[in-house]
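Notes for the one structure printed next.
For ligands, and for the atoms within them, numbers begin at 1 and follow the listed sequence.
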Amino acid sequence: MLNKIKDAVLKGDREAVVKFTKQAMDGGMGVKTVMDDGLIAGMDVVGQRFKANEVFIPEVLISAKAMQAGMAILEPQFVKCGIKPIGRAIIGTVKGDLHDIGKNIVGMMLKGACFELEDLGIDVSPQKFIDAVRKGDAAILVMSSLLTTSMGAMKDTIKSLKDLGLRDKVKVMVGGAPVTQGFADSIGADAYAKDAATAVDKAKELLRC
Ligand code: B1M
């Protein structure tokens, strides 16, 4: 079944992704297994083919949409909370970067762990992050970057927070494929997470809950 999901993502066959994801869930397969070894595994292969110039942006987008349709089926399984959120988080993909699949997974899992989430979307400027921190009572700011060229925007956002005296108001977490612990340390982030599950653990650690 996992291979069928993976193959359907690869082909960008949205209907098949939905069908097989539902079948896997109905058959009692774990939500994390379906996500990691089915949907994300399929997207990984798309990534390898994209890198090797075997597929191009339109095919990647079609696969991404198919994958997200599968994620939408998993989401209710993640989001099973009580009434009181454990904290508020702001999330966004940084300026210059339009990748949102990983960011959405991180957001979905934070929601699943009972964080209240404000999703600022993609291509989020430092100013937009600052405005959101200023206006709300968010405990955590989560930035995602998939491009080496957009990682600098994380540094700019943290610097702006410092310059405006807002750095102590919020914990900052960063992640995304090119981001490393070393980079996170060098820009003064409070935490780095390599994947969505780790992001949830780190967010809870930062709030000590
Ligand atoms: Co883009 N792209 N892309 N792309 N794309 C990559 C990232 C790339 C690695 C492909 C490659 O060359 N091998 C490469 C970046 C190279 C680099 O800078 N290091 C690249 C490039 C170059 C580009 C363009 C420049 C291509 C072009 O136009 N010539 C362009 C840039 C556009 C822009 O952003 N300005 C571009 C465009 C696109 C599409 C629009 C076609 C599409 C995005 C669709 C969308 O997101 N809605 C796309 C895609 C899909 C990819 C690949 C194939 C897949 C990314 C993905 O969704 N992975 C990718 C190759 C690859 O990664 N293998 C590639 C699945 C996802 C679940 O993983 O996002 O890594 P990921 O998220 C993980 C972790 O990283 C982590 O948790 C997630 C789940 O566990 N994580 C966090 C993410 N954010 C986090 C935040 C946290 C913590 C963890 O905070 C605490």
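Between Met67 and ligand 1, a contact under 3.5 Å exists for no N or O pair. Between Phe50 and ligand 1, no pair of N/O atoms sits closer than 3.5 Å. For a threshold of 3.5 Å applied to N or O pairs, the pair formed by Gly96 and ligand 1 contains at least one separation below that value. Of the N or O atoms in Ala196, one or more lie within a sub-3.5 Å distance of an N or O in ligand 1. Note: an N/O pair closer than 3.5 Å links Thr148 and ligand 1 by distance alone. Checked by distance only, ligand 1 and Ser145 stay at 3.5 Å or farther apart across all their nitrogen or oxygen atoms.
Against a heavy-atom cut-off of under 4.0 Å, Met173 is close to the following atoms of ligand 1: 91 (C). In summary, the atoms of ligand 1 found under 4.0 Å from a heavy atom of Ile105, numbered by their order in the structure, are 67 (C). Taking every non-hydrogen atom of Met143 and a distance limit under 4.0 Å, the qualifying atoms of ligand 1 come out as 86 (C), 90 (O). Near Lys51, meaning under 4.0 Å from one of its heavy atoms, ligand 1 places the atoms 13 (N). Taking every non-hydrogen atom of Val60 and a distance limit under 4.0 Å, the qualifying atoms of ligand 1 come out as 41 (C), 42 (C), 48 (C), 49 (C), 50 (C). For ligand 1, the atoms lying closer than 4.0 Å to a non-hydrogen atom of Asp97 are 34 (O). Close contacts of ligand 1 with Val142, meaning ligand atoms under 4.0 Å from a residue heavy atom, involve 90 (O), 91 (C). Counting the atoms of ligand 1 from 1 in the order shown, those under 4.0 Å from a heavy atom of Asp195 are 76 (C), 77 (O), 80 (O).
Protein heavy atom in closest approach to atom 89 (C) of ligand 1: Ala193 O, 3.3 Å. Annotation: atom 47 (N) of ligand 1 to nearest protein heavy atom, Asp100 OD1, 2.7 Å. Nearest non-hydrogen protein atom to atom 44 (C) of ligand 1 is Leu61 CD2, 3.9 Å. For atom 78 (C) of ligand 1, the closest non-hydrogen atom on the protein side is Gly102 CA, 3.8 Å. The shortest contact between atom 81 (N) of ligand 1 and any protein heavy atom is with Gly176 N, 3.6 Å. In terms of protein heavy-atom proximity, atom 53 (C) of ligand 1 is closest to Gly47 CA, 3.5 Å. Among protein heavy atoms, the minimum distance from atom 27 (C) of ligand 1 is reached at Ile57 CD1, 3.9 Å. Regarding atom 55 (C) of ligand 1, its nearest protein heavy-atom neighbour is Leu146 CD1, 4.3 Å.
When all heavy atoms of Ser160 and Pro126 are compared, the closest pair comes out as OG-CB, 4.2 Å.
Contacts of Lys202 with ligand 1, taken as heavy-atom pairs under 4.0 Å, are absent altogether. Counting heavy atoms closer than 4.0 Å to ligand 1, residue Met43 contributes side-chain atoms (C-beta onward) but none from N, CA, C or O. For Leu98, heavy-atom contacts with ligand 1 shorter than 4.0 Å involve the backbone as well as the side chain. The proximity of Val174 to ligand 1, defined as any non-hydrogen pair under 4.0 Å, is limited to the backbone.
Just one of Lys128, Lys103, Lys111 meets the salt bridge (charged side-chain N to carboxylate O under 4.0 Å, His left out) condition when paired with Asp119; it is Lys103.
Of the candidates His99, Met71, Gln48, His99 brings a heavy atom nearest to atom 4 (N) of ligand 1. The nearest non-hydrogen atom to atom 56 (C) of ligand 1, considering only Asn53, Asp36, Ile101, Ile91, comes from Ile101.
No side-chain N or O of Gln48 forms a donor-acceptor pair with one of Asp44 less than 3.5 Å apart.
Hydrophobic cluster membership is shared by Val124 and Met154, with clusters built from Ile, Leu, Val, Met, Phe, Trp and Tyr side chains linked at under 4.5 angstrom.
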*Does the pair Asp195 and Thr198 meet the rule for a side-chain hydrogen bond (donor to acceptor under 3.5 Å, both in side chains), with working shown?*
CA-CA 5 Å; Asp195 57 31; Thr198 317; 2.5 Å; yes
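Atom CZ of Arg167 has more than 12 neighbouring heavy atoms from other residues, nucleotides or ligands inside a 6.0 Å radius.
The shortest separation from a heavy atom of Lys194 to ligand 1 is under 4.0 Å, placing the residue in contact.
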